[in-house]
A.B. asks: 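My questions will all concern the structure given below.
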Amino acid sequence: MSEKMIENNKVSVIGEVVSEFRFSHEVFGEGFYVVDLAVNRLSDQVDRIPLMVSERLMDVSGDYKGCTMEAIGQFRSYNRHEGTKNRLVLSIFVREVNFLEEFTDYTKTNQIFLDGYICKEPIYRKTPLGREIADLLLAVNRPYGKSDYIPCIAWGRNARYASGFQVGSRVCVWGRVQSREYTKRLSETECEKRVAYEVSVSKLECVEE
C-alpha cells in the first residue's frame with residue numbers, strides 16, 4: 001500500500017472508551033468491530049466518536065470501558081443501505097492503538113488532516129446570530145480506486161474562503177473530528193435522534209495543481 005495514499009488522510013484521537021465492542025463486518029475472514037471513544041473538547045463538550053478496529057489489532061472480547069486510549073488511523077466512510085435509501089456512515093479506521101496511564105494536554109486530543117477534492121457545491125450560510133458557516137463534502141482517495149466522502153464544516157473567514165471553491169478543486173484541511181446530534185423526521189408523527197460526524201475545520205487551503 002503506497003505511503004503517499006495514506007498521507008492524505010491522517011487522524012489521531014485520545015479519549016475514554018465508553019462502550020463495548022460491537023461486531024460490524026468481516027473481510028476475508030478478518031472481523032471488524034466498532035467501539036466508541038469519548039473525546040473531550042476544550043469547551044467541556046464531549047465528542048463520541050466510533051472507532052473501527054480489526055480483531056487482529058486488539059482483543060475485541062475485552063472490556064476496556066474507562067481506559068484512556070489513543071487511536072491513530074484514517075477517517076473513512078461507507079454507504080449503508082437502509083430500505084430504499086443510502087446513508088453515509090463514518091468512523092475512524094484504526095491502524096494503531098496505545099493505552100495511556102494519564103493524559104493532560106487536551107489540545108492534542110483530536111487532530112485530523114485530509115487532502116482531497118470538493119465533490120459537491122459548497123453550501124454557505126449565516127446563522128441567526130450572524131455566524132458564517134460553509135458545508136463542504138471532500139472526496140479523499142484511497143488505494144485501489146476507492147474514495148472516502150468526508151463532510152467538513154468551516155466557520156467565519158474559512159467559511160467565506162471555502163464558499164468560493166469549485167467542484168473538483170483540490171483542498172487540504174486541518175481540524176478535528178466532531179459528533180453532532182440532530183433530529184431526523186421519519187414521517188408526520190415520527191422523529192428519530194441521530195448523530196452526524198464531520199470535520200470541524202481549523203485551517204484549509206486550496207492546492208493549485
Side-chain angles (χ1 to χ4, degrees), residues 1-15 37 39-43 45-52 70-79 88-96 105-180 182 195-209:
M1 191 171 300
S2 86
E3 265 310 299
K4 190 166 181 302
M5 293 301 276
I6 302 300
E7 289 295 307
N8 63 3
N9 184 339
K10 294 190 288 194
V11 188
S12 79
V13 286
I14 298 170
L37 200 68
V39 179
N40 290 323
R41 290 192 203 179
L42 291 171
S43 62
Q45 281 182 296
V46 173
D47 292 300
R48 191 176 168 127
I49 298 170
L51 308 179
M52 183 74 70
E70 175 185 38
I72 298 165
Q74 294 172 285
F75 201 26
R76 288 195 176 176
S77 71
Y78 74 94
N79 272 321
L88 193 68
V89 179
L90 293 143
S91 61
I92 292 177
F93 182 81
V94 179
R95 296 191 170 279
E96 190 185 319
D105 187 357
Y106 286 103
T107 59
K108 303 260 192 323
T109 55
N110 189 333
Q111 297 175 311
I112 183 166
F113 168 75
L114 298 171
D115 176 352
Y117 297 86
I118 299 288
C119 56
K120 211 165 134 186
E121 198 77 31
I123 298 167
Y124 173 81
R125 62 191 193 282
K126 284 188 178 176
T127 68
L129 295 173
R131 263 192 109 180
E132 296 172 280
I133 303 176
D135 291 311
L136 309 169
L137 189 64
L138 208 61
V140 180
N141 293 334
R142 237 195 260 176
Y144 316 118
K146 286 189 169 174
S147 295
D148 292 295
Y149 295 92
I150 312 292
C152 302
I153 186 161
W155 307 86
R157 219 165 36 127
N158 283 336
R160 267 199 309 280
Y161 175 45
S163 67
F165 292 166
Q166 304 293 315
V167 171
S169 303
R170 183 177 167 196
V171 175
C172 288
V173 165
W174 293 261
R176 52 197 308 288
V177 178
Q178 68 180 22
S179 62
R180 176 173 53 82
Y182 68 101
V195 181
Y197 302 98
E198 62 209 356
V199 172
S200 177
V201 176
S202 58
K203 180 182 153 195
L204 76 169
E205 58 186 45
C206 200
V207 182
E208 298 296 331
E209 294 209 69

A.B. asks: Do the side chains of Tyr197 and Ser91 get nearer than 4.5 Å, heavy atoms only?
C.D. replies: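 No, side chains not in contact.
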A.B. asks: Mind checking whether Arg125 and Ile133 have side chains closer than 4.5 Å, heavy atoms only?
C.D. replies: yes
A.B. asks: Can you give me the closest heavy-atom contact between Ala162 and Pro122, atom names plus distance?
C.D. replies: O-CG, 3.5 Å
A.B. asks: If only atom types and distance count, is the side chain of Ser147 paired as donor or acceptor with the main-chain N or O of Ala139 below 3.5 Å?
C.D. replies: no
A.B. asks: In Å and rounded to the nearest 0.5 Å, what is the CG to CD distance from Asp135 to Glu121?
C.D. replies: 13.0 Å
A.B. asks: What's the spacing between Arg180 CZ and Ile153 CD1 if we round to 0.5 Å?
C.D. replies: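 Arg180 atom CZ to Ile153 atom CD1 measures 6.0 Å (nearest 0.5 Å).
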A.B. asks: Take Ile72 and Arg95 through the test side-chain contact (heavy atoms from CB on, under 4.5 Å) and record every step on the way to the result.
C.D. replies: CA-CA 6 Å; Ile72 298 165; Arg95 296 191 170 279; 5.8 Å; no
A.B. asks: Just jot down the side-chain hydrogen bond (donor to acceptor under 3.5 Å, both in side chains) partners of Tyr124, sequence neighbours excluded, or say none.
C.D. replies: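 Tyr124 satisfies side-chain hydrogen bond (donor to acceptor under 3.5 Å, both in side chains) with Glu132 only.
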A.B. asks: Partners of Gln45 by side-chain hydrogen bond (donor to acceptor under 3.5 Å, both in side chains), sequence neighbours excluded?
C.D. replies: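 With sequence neighbours excluded, Gln45 shows a side-chain hydrogen bond (donor to acceptor under 3.5 Å, both in side chains) to Arg41, given in chain and number order.
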A.B. asks: Output the distance between atom CZ (Arg76) and atom NZ (Lys146), rounded to the nearest 0.5 Å.
C.D. replies: 8.5 Å
A.B. asks: Could you pull out the closest heavy-atom pair between Leu114 and Cys152, with the gap in Å?
C.D. replies: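 Shortest heavy-atom contact: CD1-SG, 4.3 Å.
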A.B. asks: Please report the interatomic distance CZ(Arg160) to CG(Asn158), rounded to the nearest 0.5 Å.
C.D. replies: 9.5 Å
A.B. asks: Run the numbers on Val89 and Asn79 for side-chain contact (heavy atoms from CB on, under 4.5 Å), then give the verdict.
C.D. replies: CA-CA 6 Å; Val89 179; Asn79 272 321; over 6 Å; no
A.B. asks: Nearest 0.5 Å please: distance from the CD atom of Glu198 over to the CD1 atom of Ile150.
C.D. replies: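 It comes to 11.5 Å.
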A.B. asks: Please report the closest heavy-atom contact between Cys172 and Val207, naming both atoms and the distance.
C.D. replies: SG-CG2, 3.7 Å
A.B. asks: For Ile92 versus Phe75, what's the shortest heavy-atom pair and its separation?
C.D. replies: CG1-CD1, 4.0 Å
A.B. asks: Closest approach of Pro50 and Leu90, non-hydrogen atoms and distance?
C.D. replies: CG-O, 3.6 Å
A.B. asks: I need the single residue from Leu137, Val140, Asp148 that forms a side chain to side chain contact (heavy atoms under 4.5 Å, CB included) with Ser77. Which is it?
C.D. replies: Asp148
A.B. asks: Would you say that more than 12 heavy atoms from the other residues, nucleotides or ligands in this model lie under 6.0 Å from the CZ of Phe113, or not?
C.D. replies: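 Yes, enclosed.
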A.B. asks: Which of these, Val171, Val201, Leu204, Asn9, sits in a side chain to side chain contact (heavy atoms under 4.5 Å, CB included) with Leu138?
C.D. replies: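 Between Leu138 and the candidates, side chain to side chain contact (heavy atoms under 4.5 Å, CB included) is satisfied uniquely by Val171.
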A.B. asks: Please confirm whether the backbone N or O of Gly116 pairs with a side-chain atom of Asn8, one donor and one acceptor, at under 3.5 Å?
C.D. replies: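 No, because the side chain of Asn8 does not come within donor-acceptor range (under 3.5 Å) of the backbone of Gly116.
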A.B. asks: Please determine whether side-chain contact (heavy atoms from CB on, under 4.5 Å) holds for the pair Val13 and Asp47, giving the CA-CA distance in whole Å, both sets of side-chain angles, and the decisive distance to 0.1 Å.
C.D. replies: CA-CA 10 Å; Val13 286; Asp47 292 300; over 6 Å; no
A.B. asks: Less than 4.5 Å apart, any side-chain heavy atom of Val39 and any of Val177?
C.D. replies: no
A.B. asks: Give the intermediate values and the outcome of side-chain contact (heavy atoms from CB on, under 4.5 Å) for residues Thr109 and Asn40.
C.D. replies: CA-CA 7 Å; Thr109 55; Asn40 290 323; 5.5 Å; no
A.B. asks: Identify the two heavy atoms, one from Asp115 and one from Arg170, that lie closest to each other, and give their separation to 0.1 Å.
C.D. replies: OD2-NH2, 2.6 Å
